[in-house]
Amino acid sequence: MSKDTLSIRHNRTGREVEYPLLKGTLGKETVDIRSLYKDLDCFSYDPGFMVTASCRSNITFIDGEAGVLLYRGYPIEQLAENCDFMEVAYLLMYGELPNRSELDIFVQEIGKRSILDESLRVFFEGFHYDAHPMAMLVGVVGSLSAFYHSELNMKDPEHRRICAMRLIGKMPTIAAASYRHSVGKPFVFPRLDLNYCENFLNMMFSRSSPNYIDPNHYIDPEAVKALNLSLILHADHEQGASTSTVRLAASTGANPYACIAAGIAALWGPAHGGANEAVLNMLATIGTVDRIPEFIAKAKDKKDPFRLLGFGHRVYKNHDPRARIIRQTCHDLLNSGKNADPLFDLALALEEYALQDEYFIERKLYPNVDFYSGIIYKALNIPVEMFTVMFAIARTAGWVSHWLEMMDEPNIPIGRPRQLYSGPDKREFLSIDER
Ligand code: CMC
């Protein structure tokens, strides 16, 4: 019997089948049970995909026990320290870091695609002033499919590449437009002379007078640096719920803009990208350090649905490497004096308290990246409702890279899980008078 297999024995029928163990470049062995139904006439049950690899991918690797995150093999710490978000987006899309001229061309191409079609821009007028920016984002990104569908031959790699660039290019413009609409301010057009982060901040905060960028072209480098870091840390995370949603939607051959809109919808929930907004709201509800024990007790009470937001992760069971990096930036930004915020002190006190608590220690619940990212966004004056939108801007680079990778495969099986049915047994229909 080969050692690179795993045997599954059906104890009722006595039938035993050997399944191959697949080995990737890094990470756990993975048993290939695709023929389980044919061989043993049963399905596998794995709600929440706790142990199921849904695809092969070359993009991102996570070792949850060791707290390792690699984009295309590069440790997140090195990318966060040295890169501009555009370099990371290029790396995720193409698999290699760009040289200077490749990067220049990429940045120009992205910039060229940052402008919104006028008819798309007026879509915002259809939203009520208090619409959540994520609701606008999901709607407007989905609507891109009505504009560029005819230009998209999914079999043409160049068409697919343009589609990916268009999404990365337009996402900050749509995001900033959602914010401007919600505060009743006119849209600010993208500026190609600014870098990705500067341009976003300018579209968010420019006023006819004074401009966010003053006549001396000053833009707070600390703000740009912090935003750039946050975008890099959120750019990809292998098969998270939103990326899996993009892949599932794409497996049907759906329009890519609609697939990304599906990813945005999945991101929105507080268990995923919505956590950063939820953390800030939670801190505001806790209010003061003396109330921390009360909320920790709530989080531990199994009868109470409350969870300590920004704590825990499905994959990281030691520490979230993104959280380590961003925590330091949080400190730097807030210690610079410009952005002192009592919520940050509260966050640190909460972190300290939870990390000493047996419940959190036993379950390996550590602060995740979104425990800190909201605090950074707040320091940049980005409103709380925009936090998950910020995550979406960053993750677009990951989503489109996964979509491109998937579209390159010769056979794309439709994503169609099975189920364990537990409803009523087959029964006879009763007419309305007999019921
Ligand atoms: N507060 C209190 N208890 C928790 C928490 C929490 N934040 N997270 C997990 N637990 C408990 C959970 O009740 C369970 O306890 P027990 O074993 O006694 O039943 C145990 O820890 C294991 O939890 P789980 O629900 O099986 O873990 P999961 O891997 O399914 O969930 C999670 C991961 C992120 C959804 C969850 O930890 C959570 O809801 N955290 C808060 C939301 C959050 O911060 N999300 C952002 C994740 S980072 C951004 C991203 O990548 O999307």
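All ligand and atom numbering here is 1-based and tracks the order in the structure. The analysis underlying the following values was restricted to heavy atoms, covering all of them including side chains, and did not include hydrogens, waters or symmetry mates. This is a predicted model, so every value here is computed, not measured.
With a 6.0 Å radius and a threshold of 12 heavy atoms from other residues, nucleotides or ligands, Arg161 has its CZ atom above the threshold. Residue Glu81 places its CD atom among 12 or fewer non-hydrogen atoms of other residues, nucleotides or ligands, all under 6.0 Å distant.
Checked against a 3.5 angstrom limit, the closest N/O atoms of Ala275 and ligand 1 fall outside it. Residue contacts with ligand 1: Val369 is placed with no nitrogen or oxygen under 3.5 Å of a nitrogen or oxygen of the ligand (distance criterion only). The distance criterion of under 3.5 Å between nitrogen or oxygen atoms is not met by Asp370 with respect to ligand 1.
A pairwise comparison of heavy atoms in Leu91 and Tyr71 identifies CD2-O, 3.7 Å as the closest pair.
Summarising the contacts of atom 25 (O) of ligand 1 with Arg307, Lys364, Arg322, the nearest heavy atom is found in Arg307. When the heavy-atom distances from atom 52 (O) of ligand 1 to Glu362, Met50, Lys300, His272 are ranked, the shortest goes to His272.
With a heavy-atom cut-off of 4.0 Å, Arg314 touches ligand 1 through backbone and side chain alike. Only the side chain of Leu365 comes within contact range of ligand 1, with a heavy atom under 4.0 Å; no backbone atom does.
A salt bridge links Arg247 with Glu405: at least one charged nitrogen is closer than 4.0 Å to a carboxylate oxygen. Electrostatic pairing of Glu294 and Lys298 does not count as a salt bridge here, judged by no charged N lying under 4.0 Å from a carboxylate O.
Counting protein heavy atoms only, atom 42 (C) of ligand 1 is closest to Pro270 O, 3.6 Å.
In this structure, Phe124 has its ring center closer than 6.0 angstrom to the ring center of Phe187.
There is no protein heavy atom closer than 4.0 angstrom to atom 22 (C) of ligand 1.
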